[in-house]
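Please read the structure below before turning to the comments.
What you see is a predicted model, and the numbers here were worked out from it, not measured in a lab.
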Amino acid sequence: MAVKFQKGKRASAVSVIGGADGPTSIFIAGKFRKPGLVEQLRQRRYRKKKARAEASVAAGTHTLDEVIQYLEEKYHAVKISEEKISYREQYHCLRESLILRWCPKLLGDAAKIDELDRTDKASLERFLKQTELRSEAAKAVTEEQFPMDFCLYKVAIPEAGRIEVMIEKKWGVLTCSYTGKAKKRLIEICRDVYLYYGVSKEDIQNKTERYQSLVMVLIME
């Protein structure tokens, strides 16, 4: 599970996924240093917010089919056509991620990628080439080999922006992403969708990905 926030009009997203969220991540960091006072205060504030969010979570769930109905009735969500580029991109990205987690043998040798040495240009080029080959291998996997029940919905909020909700019912995936200038309003809607989807007592007790993602949405700002 991964959570990504970006400022301005660029897309931001938080995801509940029964697997890795996205096939590729590259982290480039500087040397380790002890966090300064501002960072320490920020971390303390984050821990307090997270603790409050965790304490507020109550058990109660809805199915993904019920989530779709909720989106259509409350927010007039529109299903995005399979012919749209945004649909195809998100479908293939999620498909690769799920195959990599649940059925990596379907990818053969392409499932394994060498460790990235961020200081070596050749290592980076090799890494990128391997991820490209893995994506091609995932696209070659048939629906019979790895079935999915995927759909993508768009919620348009006048003078605020839009939200895309990605749902995959077979593997249990819910992802909300938003883009627009009225960030607070868009986050409120994403939070409402995740709260409606909810968590079970078992999710809370075991601190599952579904539970952790709900907590992250509750502390978004």
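Distance check: T131 OG1 to E96 CD gives 8.0 Å after rounding to the nearest 0.5 Å. Put simply, CG on L98 and CZ on R95 are 9.0 Å apart, with the number rounded to the nearest 0.5 Å. Distance CD/E125 to CG/D120: 9.0 Å, rounded to 0.5 Å. Remark: L71 CG to E73 CD distance equals 10.0 Å, nearest 0.5 Å. Of the inter-residue distances, the one linking Y194 atom OH with I189 atom CD1 reads 13.5 Å to the nearest 0.5 angstrom. Atoms CZ and CG, from R118 and L124 in turn, are 12.0 Å apart once rounded to the nearest 0.5 Å.
Between the S123 side chain and the T119 main chain, no donor and acceptor come within less than 3.5 Å of each other. At distances below 3.5 Å, at least one donor-acceptor pair connects side-chain atoms of Q130 with backbone N or O atoms of D114. With R191 contributing its side chain and L186 its backbone, the two residues share no donor-acceptor pair below 3.5 Å. A donor-acceptor distance shorter than 3.5 angstrom exists from the side chain of S56 to the backbone of A53, with no hydrogens or angles considered. The backbone N or O of A59 sits nowhere less than 3.5 Å from a side-chain atom of K201 that would complete a donor-acceptor pair.
Contact annotation: the side chain of I163 never approaches that of V193 to less than 4.5 Å [non-hydrogen atoms, C-beta and beyond]. Looking only at side-chain heavy atoms (C-beta outward), M148 and Y91 come within less than 4.5 Å of each other. Between E202 and T208, the closest side-chain pair of non-hydrogen atoms is not below 4.5 Å. Looking at heavy atoms from C-beta onward, E164 lies out of side-chain contact with C176 at the 4.5 angstrom threshold. Using a 4.5 Å heavy-atom cutoff, the side chains of Y178 and I187 are in contact. With contacts defined as side-chain heavy-atom distances shorter than 4.5 Å, the pair L133/E136 does not qualify. By the 4.5 Å heavy-atom criterion applied to side chains, I204 and V57 are counted as neighbours. Side-chain contact between V173 and L94: present, with at least one pair of heavy atoms (C-beta onward) separated by less than 4.5 Å.
Between K181 and E159 the shortest heavy-atom distance is CE-O, 3.4 Å. For the residue pair A111 and R134, the shortest heavy atom distance occurs at O-NH1, 3.9 Å. In terms of heavy atoms, K170 sits closest to P147 at CD-O, 3.3 Å. Residues V155 and I157 come closest through the heavy atom pair CG1-CD1, 3.6 Å. Of all the heavy atoms in C151 and Y87, the pair that sits closest is CA-CE1, 4.4 Å. Taking each heavy atom of W102 and P104 in turn, the nearest pair found is C-CD, 3.5 Å.
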Exercise for the section: Begin with the C-alpha distance, continue with both residues' side-chain angles, and end with the deciding distance and a verdict on side-chain contact (heavy atoms from CB on, under 4.5 Å) for R45 and K48. Expected result: CA-CA 5 Å; R45 178 172 175 267; K48 288 182 178 179; 5.8 Å; no
Practice task
Assess whether side-chain contact (heavy atoms from CB on, under 4.5 Å) is satisfied between L100 and L107, documenting all intermediate values.
Solution key: CA-CA 8 Å; L100 186 62; L107 301 176; 3.9 Å; yes
Problem - Stepwise side-chain contact (heavy atoms from CB on, under 4.5 Å) test for M216 and I219 - result: CA-CA 5 Å; M216 293 304 296; I219 64 177; 4.0 Å; yes
Exercise for the section: Begin with the C-alpha distance, continue with both residues' side-chain angles, and end with the deciding distance and a verdict on side-chain contact (heavy atoms from CB on, under 4.5 Å) for V78 and I80. Expected result: CA-CA 6 Å; V78 176; I80 296 178; over 6 Å; no
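Screening D65, L174, T63, V67 for a side-chain contact (heavy atoms from CB on, under 4.5 Å) involving K169 leaves a single residue, D65.
When ring centroids are compared, W171 and F150 stay outside the 6.0 Å threshold. Side-chain rings of H62 and Y197 stay apart, their centers remaining 6.0 Å or farther from each other.
Annotation: K49, atom NZ; neighbour count of heavy atoms from other residues, nucleotides and ligands within 6.0 Å is above 12. Under a cut-off of 6.0 angstrom, the local environment of CD in E39 is crowded, with over 12 non-hydrogen atoms contributed by other residues, nucleotides or ligands.
With no hydrogens or angles considered, a side-chain donor-acceptor pair links Q145 and T142 at under 3.5 Å. With no hydrogens or angles considered, a side-chain donor-acceptor pair links Y70 and D192 at under 3.5 Å.
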